[in-house]
Amino acid sequence: MLSTLNEAQQIAAKHIDGPLLILAGAGSGKTKTITTRLAYLISIGIDPSSILTLTFTNKAATEMRNRAFALISDISSPPLLATFHKFGLLFLKLNIDKLGRKNNFVIIDTDDKKKILKTIDKEITTSILASEISKFKNSLMSIEDAKQSSPDQYYTRLADIYEKYQNYLEENNLVDFDDLLLLTYHILDKFPELAKQTSQRYQYIMVDEYQDTNELQYKLLQKLCTTHKNLCVVGDDDQSIYGWRGATIKNILNFENNFENTKVIKLENNYRSTNKILQHANLLIEHNRDRIGKKLIGTRSEGNPIRLYESSDENEETRKIADDIKTLISQGVNPSQIAILFRVNALSRALEEGFNKARINYKLIGGMKFYERAEIKDLIAYFRVITNKNDNFSFKRIINKPKRGIGNATIQKVELEAHKEKTSIFSLIELYTPEQLASIVGKKNARTLKVFMASINDLQDTLQEAKMRFIDMFEETFDFKQSFEKAIDGADRIANIDEFYGYVRDFFMQNIDLNLEDFLNEISLESAQDEIEGGSVSMMSIHASKGLEYEHLFVIGLEEGFFPIVGDGSDLEEERRLGYVAFTRAKDQLTLSFVHSRFYKGRRTQLVKSQFLTESGLVKGSLSISKSTAFKKDDMVKHKIFGTGRVISATKAGKEFKLKINFNGTKRDILSNFVEKI
DNA sequence: TGGGTCACGGTTTTT
DNA sequence: CCGTGACCCA
């Protein structure tokens, strides 16, 4: 089992007890190493069910499971391989009652989150609110902490919105993605006995993509390690690309300090890419300051030089790439070994058009996901109401779909009444007599609502008694599909609906003991990579390409403003890491492309080529000086002694910044190297 | 209530 | 450019 590993990989795979940090460069056989370690642990007699492996995507979990199981013959009690969020979900299903909540909660996605926020505050953009609340949660700030974090009106307002939002979630028994981790943490924190038990249950913990964990995930891991220190993390600080989502590179940089007696193993041999590719990737990443420092060492041949495409606009760019791809395919290259990456999803449009014209089969990964389509979300909302009557949020989405004459005014009336009666809208309709209901919304609407309520209850019964008939019953009851018939894109939507019905039926067939609720939970945690399939050329964002590799890789949009994205809120070092991730996806041939102008947001913009081309030694030019991590007004920072605060002003002073920081109302002048950005 | 028109602003990245 | 939301009228 170990014989196919190199020396460093073997040491890592054979490490049993105590904290282990594997710094694994791109293409260094990271997955192979940890799956082998997983198999090794089992092979020496460790109870598989005491091993927990946490990954970033479902796909990674599945792949690791398959690979590990291929190494060992029969496993009676399998190890748990899951994403962090899935783990949280499983934990909450068993334990959320400890927080006084019911375990039929519903997971909401970002879209739902924004809709809720819109009803709370109409002025601040929902995407800002959503990410601010995420930041509060991911840095473990309670509502009280948030309220005191700054006297600035804007922040007290944010904290207020946070509170209302959280109340809304609790009233409707909803959890957002962050809650899956946060509530899990809260429970473990509040019940040390349970934390002990849980930790004892999972004696060996492995974490993949550790560089992309956030503070909350780190704290959670600490809880899981209360009774032991058998934590093995794998990551690459140079590939940390989720800072905007709260991931902190500090987790990996400080791992050795956080866990005593950590064994560190570096995997620097790259088995994926040609030397040429590695050489330029190394050159690029060396411009970063915040890194542990390592170099990828090639093990393959020198390889072809990296190609640089210069085009006047996106159409010319697409044409060149389409021509190349056609040639490759005619030479016998498997289309699934070809991919095009971009920093900004919007760039896929021109590609899609061009590929359609050129008749190239492609698959766009990420972007608008199947479950995000309006008609599918409607169905999900229906199913949620059927599984959980108290889900007002979903109820409101579907009460008038298909149209049954219930408008905003009516919804508001029943919602207000339900609020008064301290119950959900659905229960109100159930409890009130037709007369009572009519006195609020009128006779006609009262009738409609009662009929709707009865239909949902009937479907609930069907689900209990004959779940295979459920979908048919559902269609019979609501004529949902038909309501799309006259829409412009009706055929597409109906096709989507049929596909979705197929999924549900299939799920029921495959999982006789599972119900609709399980199905809903399952699909809410699917990720972009889960949709990858063979047989066609792939195009995706660089973020979505994490962990993947292709023989022939194109990276487009290497222009200032598109890649790297510059300006407010962007982090040049993270952009550079993205560049590094992008380059190192290529095995044999890497082609980089930039244009002179692009059509974007309704306008044509003139562009200059990316500084990354200079930095990676691909074009000659004056090297721009790389900026250190910049601090700016309103950043949240953490000080060892003063705790969490907000930056009031930042002025550059040599390499560092002079900061004025508000710590719970006390303003202090602090130099930036004494605080951490959070 | 529902259908229509019009102005506005925004996506960088996603479990 | 495109999707969303505000506003208006039947």
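Treat the numbers as computed from the prediction; the structure is a model and nothing was measured. In what follows, every chain begins at residue 1, and chains take the letters A, B, ... in the order their sequences are listed.
Rounded to whole Å, the distance from CD1 on A:I241 to P on B:dT14 is 9 Å. Atom NZ of A:K118 is separated from atom P of B:dG9 by 12 Å (rounded to the nearest Å). The CG atom of A:L117 sits 13 Å away from the P atom of C:dG5 (whole-angstrom rounding). Taking atom CD of residue A:E575 and atom P of nucleotide B:dT11, one finds them 16 Å apart after rounding to whole Å. Going from atom CG of A:N345 over to atom P of C:dC2 covers 16 Å, rounded to whole Å. Following rounding to the nearest Å, A:L347 (CG) and B:dT13 (P) show an atom-to-atom distance of 10 Å. Residue A:M540 contributes atom CE, which lies 19 Å from atom C1' of B:dT11 at whole-angstrom precision. For A:Y210 and B:dT15, the OH to P distance is 21 Å, given to the nearest whole Å.
If you check every strand for non-hydrogen atoms under 4.0 Å, A:K403 touches sugar and phosphate atoms only. At the heavy-atom level, A:Y600 lies under 4.0 Å from the strands shown only through sugar-phosphate atoms. At the heavy-atom level, A:T110 lies under 4.0 Å from base atoms of the strands shown. If you check every strand for non-hydrogen atoms under 4.0 Å, A:D178 touches nothing. Nucleic acid contact for A:F599: sugar-phosphate only, since backbone atoms but no base atoms lie under 4.0 Å from a heavy atom of the residue.
Here the side chain of A:S127 is nearest to one of B:dT11, B:dT15, B:dT13, namely B:dT11. When distances run from any side-chain atom of A:R349 to the nucleotides C:dC2, B:dT1, B:dT15, the shortest one goes to C:dC2. Minimum atom distance to the side chain of A:T125 is reached by B:dG10, of the listed B:dT15, B:dT14, B:dG10. Relative to the side chain of A:A346, the nucleotides B:dT11, B:dT13, B:dT15 differ in distance, and B:dT11 lies closest.
Sparse packing is recorded around CZ of A:R447, with 12 or fewer heavy atoms of other residues, nucleotides or ligands lying under 6.0 Å away. A:R101 CZ: more than 12 foreign heavy atoms inside a 6.0 Å radius.
Each of A:T410 and A:T83 was matched to the nucleotide of DNA chain B holding its nearest heavy atom; the match closer to the 5' end belongs to A:T410. Comparing A:L578 and A:N400, the nucleotide of DNA chain B nearest to each residue sits closer to the 5' end for A:N400.
Rounded to a whole angstrom, the distance from the P atom of B:dT13 to that of C:dT4 is 16 Å.
The residue from A:T184, A:T213, A:N214 that alone fulfils the side-chain contact (heavy atoms from CB on, under 4.5 Å) condition with A:F84 is A:T213. For the side chain to side chain donor-acceptor pair (under 3.5 Å) test with A:R291, the passing option among A:D238, A:D236, A:D237 is A:D238; the others fail.
Heavy atoms only, all atoms of each residue included: A:A26 and A:R585 are closest at CB-NH2, 3.8 Å.
Taking the six-membered ring where the residue is Trp, A:F452 and A:F478 present tilted rings, their angle falling between 30° and 60°. Using cut-offs of 30° and 60° on the angle between ring planes, the pair A:W244 and A:Y242 is tilted.
The six-membered or imidazole ring of A:F480 lies away from that of A:F383, with a centre-to-centre distance of 6.0 Å or more.
Evaluation of A:W244 against the base of B:dT13 yields a stacking contact (centre distance < 5.5 Å, interplanar angle < 30°).
Of the residues in residues 601-610 of chain A, those with a non-hydrogen atom less than 4.0 angstrom from any atom of DNA chain C are A:K601, A:G602.
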